[in-house]
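Note that ligands are numbered from 1 as they come in the structure, with each ligand's atoms numbered from 1 the same way.
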Amino acid sequence: MYPCIHINLDKIAENVRVMKDLTEKHHIEITGVTKVFGGEERIAQTLVNQGIKRLGDSRIENIRNYENLPCEKWLIRMPSISEAREVVQFCDVSVNSEFETLKALNQQAIQLKKKHKVILMVDLGDLREGYFKEEHLAEAINYAKQAKGLDLYGLGTNLTCFSFVQSDEEKMNRLLGLAKKYDASVCISGGNSATIHLMLENGIPEGINNLRLGESVLFGRERTNYEYLPGTSNDAFIMEAEIIESKEKPSMPIGKIGADSYGHVPVFTDRGIRKRAICALGRQDVDVETMWPVDEGVEIIGASSDHLIVDVTDCEKEFKTGDRICFRLGYFAVMRAFTSKYVEKIYEKQEIEKEKNESLYKVS
Ligand SMILES: *Cc1c(COP(=O)(O)O)cnc(C)c1O
């Protein structure tokens, strides 16, 4: 069935190994972030098989997909007060920045006879989540320390997600300083894949002992210079889509051009008659801006919610209706593919063979 996404578990495993080696050299532990792949258990399992001991996601539904994996489970988006009970039930750790939410978590934890670990987020200038004023942070720390249902696990920060402010040594030292001052330093979580660059330059001070990594672990990519790291693969996720129309057409539309769905009037260049193909795939299934054709000479020229239009004029291969075209996927494209119920997921490579062998052993 098409479209389908091919997931190469071997390549993911290798990426995890590379990232794990790199972070271990800097005494940093990884929380593997699973939201890009909707918390699919097979992939989460691959991370755990490579020695990742903590997994995090922004949604409880995703975390529940790998409920049975032996690892610490983090909710890396602040909990909604309305889901406080589920947070305590299904997550070992959550990141927090609101007093009222902490109170709700504490109450549920007491009812469930559990201790829920909290990481308090500090906003160091990216202006997404986190305490901005130290007095408010101090108040939350004091509360978490004495609350019977809570366990103050540490501090964390998130950068390069909203304002794209980059992490630097000064910001890391600020986080570390606060963690030490308030004795909240079991786990100091210094950021996401955008902090890899600083780590490689030895810019992360000793004491920061955790990073929450999604993109770098899955695609081998750091986010400051957007470089692929040596030894990693950027093609662990491949989308395969079927051609449903293949025709020569002019590159210049005929008629008066109006605004598109985003309110912009598109501009076209006249390249003469071109050979185009339409794939049965669209914005509902994939993010067109973060996907790239595998075959040379194939060019994406546009997409609507369920049609992807490509130019195949300069391609060596003769594509016809019924043929398939493959695309390498980036972060948002994978995320959307895993969210779309129309995309079939196909797991490939050794991890699967290993499982098969193991089950064979069990039978005999
Ligand atoms: C998504 C997310 C991450 C992971 O980011 P990557 O850039 O994929 O490594 C880490 N922390 C938080 C709070 C997030 O929301």
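Nearest protein heavy-atom contact of atom 7 (O) of ligand 1 is Arg223 NH1, 2.9 Å. The closest protein non-hydrogen atom to atom 5 (O) of ligand 1 is Asn192 CB, 3.3 Å. Nearest non-hydrogen protein atom to atom 11 (N) of ligand 1 is Arg212 NE, 2.9 Å. The protein heavy atom nearest to atom 13 (C) of ligand 1 is Ile76 O, 3.4 Å.
Proximity to Ser193 (heavy-atom distance under 4.0 Å) selects the following atoms of ligand 1: 6 (P), 7 (O), 9 (O). Below 4.0 Å from some heavy atom of Leu213 lie the following atoms of ligand 1, by number and element: 9 (O). Taking every heavy atom of Tyr331 and a limit of under 4.0 angstrom, the matching atoms of ligand 1 come to 1 (C), 8 (O). The atoms of ligand 1 that sit less than 4.0 Å from any heavy atom of Glu215 are 6 (P), 8 (O), 9 (O). Within the listing of ligand 1, atoms 11 (N), 12 (C), 13 (C) sit less than 4.0 angstrom from a heavy atom of Asn158. Near Lys35, with a cut-off below 4.0 Å to any heavy atom, the atoms of ligand 1 are 1 (C), 2 (C), 3 (C), 14 (C), 15 (O). Near Arg128, with a cut-off below 4.0 Å to any heavy atom, the atoms of ligand 1 are 13 (C), 14 (C), 15 (O). Of all atoms in ligand 1, numbered sequentially from 1 with element shown, those under 4.0 Å from a heavy atom of Glu129 are 13 (C).
Salt-bridge check for Lys11 with Glu14: failed, with every basic side-chain N at 4.0 Å or more from each acidic carboxylate O. Salt-bridge formation is not detected for the pair Lys275/Glu248: no Lys NZ or Arg NE/NH1/NH2 atom is positioned less than 4.0 Å from an Asp or Glu carboxylate oxygen. A salt bridge links Arg283 to Glu289: at least one charged side-chain nitrogen sits closer than 4.0 Å to a carboxylate oxygen. Remark: Asp57 does not engage Arg212 in a salt bridge, criterion side-chain N to carboxylate O under 4.0 Å. Using a 4.0 Å cut-off between charged side-chain N and carboxylate O, Glu296 and Lys317 make no salt bridge.
Looking at every heavy atom in both residues, Gly258 comes nearest to Pro266 through O-CD, 3.4 Å. Listed here is the closest heavy atom pair of Ile243 and Thr321: O-CG2, 3.6 Å.
Ring geometry for Phe219 against Tyr331 counts as tilted: the plane angle lies between 30° and 60°, on a 0 to 90° scale.
Residue contact check for ligand 1: Met121 places no non-hydrogen atom closer than 4.0 Å to it.
Taking distance alone, with nitrogen or oxygen atoms compared against 3.5 Å, Val33 stays at or beyond that limit from ligand 1.
For the residue pair Ser94/Asn96, the side-chain donor-acceptor check at 3.5 Å is satisfied.
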